[in-house]
> 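Dumping the structure here so I can ask a few things about it.
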Amino acid sequence: MQLYDIIIAGGGVSGICAATAAARSGASVLVLEQTNCLGGTWTSGLVAWMLDINNKKGFILNEIIESLQSEQNGRFARGGSFIFESEAMKRLLDKMAERENIDLRFHTFVCGVGKSDNHINYVEAVSKSGLERFFGKCFIDSTGDGDLCALAGAEFETGNEQGLMQPMSMFAIVDGLDKNELCEFDNSLEYEDENNTPKDKLYGEIKRAGVSCSQQQPALYYLSNGRFLLTANHQYKVSGTSSGDLTRATVSARREIGTVVDSLRKLGGKWKNIRLVSTAPSIGVREGRRIKGEYTVTAEDIYAERKFDDSICDVSFVIDVHALEKENEKGYDDYGDDTERNYQIPLRSAICNGFDNLYMTGRCISGDFSAHGSYRVTGNAAVIGENVGKAAAKSLKKISGD
């Protein structure tokens, strides 16, 4: 039986950054990932658009950006965001894990927990190899939906006061388009008119094509060689913790994306050669469980621009809550505003309440509904993950009683 220092459930944005930081701190690390690649939202979600990265100097995130940029697989875009090639990201993260001697298990779902009182001893996971147990000293939940913590019996919240959660969206890649002809629709470029943005113009074109688009703020982002990222759908009133909801949302999203692309092509002109290359293997889930930590980040913390002695991430992002119901024609809900405020995430919000060796990272950390709408983007997930990985590695001596 191999005993790992740290076992991480989920190899997404925060998971791989946590694993890398922990491994560099001298810990033996195992990552259990349900898809076939690292990177989560960045890769299997095709969300190749990093947000809130401008105040993240000196982190693993910057190593990733610099590597992609040096290989001409990424570039800075509107507002200092970063757009990149997802396939290049997959290869880069594979190399990172190999370089740091991180053990990986893809196609593997965490499905159970073995614990003694407030201490986790092992996780159970199912794969083609059957049901297996993986023993560790410390555990990190980087599943996005807080699956590991929920299996352990941790407290959590979902949705707003009525239980509604932000909608899911599916990204896609389209080609056959002329970059120069589509500048007015390219959301990677700086806005010339905040009252008539590329999103507004694209929505107008989709409506002109006769389609009722479920995402009132659809977007195109130029990648390279005539290829664009497209996001055009919202799947309302569904849960990322329900396989039934995920299935229905995925089928519906693929259908709508296909309809949007086919309808734009029929408009002719600049759209005459648009073609759907691929949809994301995994639909984008904006929120799931918010696990109860030793501290809960709130909207009040954001408005007060609160700082913490145990800070693990500086955040500078708006409270970004997409419309919770299709009837909201604005596309966004009134849980915040477009003001970027500078606040911090404390480590305590990433320590699972009631456990002595269980952390959370990424979007399932402890926060209220509004605050989650701000810190959930990937620039923050990466840095939270890195610092949680460091904290977990530092805690090993305490856990073992050394």
Side-chain angles (χ1 to χ4, degrees), residues 13 39-54 61 64-65 68-69 71-90 92 167-194 196-206 213-234 253-254 256-258 260-261 264-265 270-271 273-284 286 317-318 320 322 331-332 376-379 381-382:
V13 175
T41 299
W42 281 343
T43 52
S44 59
L46 284 184
V47 186
W49 179 247
M50 296 184 189
L51 294 172
D52 204 4
I53 62 175
N54 293 331
L61 175 66
I64 293 171
I65 290 172
L68 290 168
Q69 193 176 25
E71 296 174 357
Q72 298 185 323
N73 286 316
R75 70 181 191 280
F76 286 96
R78 177 172 57 83
S81 301
F82 190 77
I83 193 165
F84 58 90
E85 301 283 354
S86 287
E87 286 300 318
M89 177 70 84
K90 289 179 187 178
L92 174 61
M168 301 178 192
S169 292
M170 179 177 283
F171 267 69
I173 294 176
V174 296
D175 72 1
L177 299 171
D178 186 318
K179 170 189 175 183
N180 297 321
E181 287 186 348
L182 288 175
C183 287
E184 63 180 311
F185 303 102
D186 185 357
N187 203 54
S188 72
L189 301 177
E190 299 295 340
Y191 289 172
E192 295 182 358
D193 183 356
E194 292 286 344
N196 188 23
T197 69
K199 291 182 177 182
D200 297 325
K201 294 174 182 177
L202 179 59
Y203 188 49
E205 288 290 271
I206 294 172
C213 185
S214 63
Q215 184 173 347
Q216 293 88 343
Q217 294 284 305
L220 278 172
Y221 303 84
Y222 179 66
L223 285 169
S224 63
N225 300 318
R227 295 177 304 118
F228 285 76
L229 285 174
L230 170 66
T231 173
N233 73 289
H234 272 163
R254 275 202 293 258
E256 182 171 3
I257 291 167
V260 166
V261 173
L264 285 172
R265 188 188 308 113
K270 59 177 69 72
W271 304 107
N273 292 320
I274 188 173
R275 180 178 68 105
L276 179 60
V277 176
S278 65
T279 53
S282 300
I283 193 166
R286 289 186 173 87
F317 201 65
V318 301
D320 179 24
H322 287 235
Y332 293 88
R376 66 179 175 81
V377 297
T378 60

> Can you tell me how far apart CG (L46) and OG1 (T231) are? Round to the nearest 0.5 Å.
11.0 Å

> Considering non-hydrogen atoms only, spot the tightest contact between S44 and P281 and give its length.
O-CD, 3.0 Å

> Do L189 and P198 touch side chain to side chain, with heavy atoms closer than 4.5 Å?
no

> I'd like to know if the side chain of S169 and the backbone of N233 have a donor-acceptor N/O pair within less than 3.5 Å.
yes

> So which of W271, Y222, F228 actually passes ring-ring contact (aromatic ring centres under 6.0 Å, His included) with F185?
W271

> Within the distance-only criterion (no hydrogens, no angle test), does the side chain of T378 pair as donor or acceptor with the backbone N or O of A381 below 3.5 angstrom?
no

> How long is the straight-line distance from CG of L202 back to CG of L220, given to the nearest 0.5 Å?
5.0 Å

> Side chains of I83 and R75: closer than 4.5 Å at any heavy-atom pair?
yes

> Report the distance from atom CD1 of I257 to atom SG of C213, rounding to the nearest 0.5 Å.
10.0 Å

> Atom CD of Q217 and atom CG of N187: how far apart are they, to the nearest 0.5 Å?
9.0 Å

> Identify the heavy atoms of L61 and G379 that sit nearest to each other, and give their distance.
CD2-O, 3.9 Å

> Relative to each other, are the rings of Y221 and W49 parallel, tilted or perpendicular (30° and 60° limits)?
tilted

> Step by step, work out the side chain to side chain contact (heavy atoms under 4.5 Å, CB included) result for R376 and F317.
CA-CA 10 Å; R376 66 179 175 81; F317 201 65; 6.0 Å; no

> Looking at CD1 of I206 and CG of L230, how far apart are the two atoms once the value is rounded to the nearest 0.5 Å?
7.0 Å

> Carefully, step by step, assess H234 and R286 under the rule side chain to side chain contact (heavy atoms under 4.5 Å, CB included).
CA-CA 11 Å; H234 272 163; R286 289 186 173 87; 3.8 Å; yes

> Run through I53, D52, V13, V318 and flag the one making a side-chain contact (heavy atoms from CB on, under 4.5 Å) with V377.
D52

> T43 and S86: which non-hydrogen atoms are nearest, and at how many Å?
CG2-O, 3.8 Å

> Atom CD of E194 and atom CG of D200: how far apart are they, to the nearest 0.5 Å?
10.0 Å

> Determine the minimum heavy-atom distance between A77 and S188, stating which atoms define it.
CB-O, 3.4 Å

> Is the closest side-chain heavy-atom distance between F82 and L68 below 4.5 Å?
yes

> Which atom names give the shortest non-hydrogen contact between N54 and G79, and what distance separates them?
ND2-O, 3.1 Å

> A side-chain contact here means heavy atoms from C-beta on lying under 4.5 Å apart; do L229 and I173 qualify?
yes

> Would D175 and R275 pass as an ion pair if we require N to O under 4.0 Å?
yes

> I want to check something: taking the side chain as every heavy atom from C-beta on, are Q215 and K199 in contact at a cut-off of under 4.5 Å?
no

> Kindly give the heavy-atom pair with the smallest separation between A232 and E256, and that separation in Å.
O-OE2, 3.7 Å

> Do other residues, nucleotides or ligands put more than 12 heavy atoms under 6.0 Å from the CD atom of E192?
no

> Side-chain contact test, heavy atoms from C-beta onward, threshold under 4.5 Å: evaluate it for R78 versus D186 and give yes or no.
no

> Does L51 reach the side chain of D320, with side-chain heavy atoms less than 4.5 Å apart?
no

> Answer whether the closest heavy-atom distance between the side chains of I64 and M89 falls below 4.5 Å.
yes

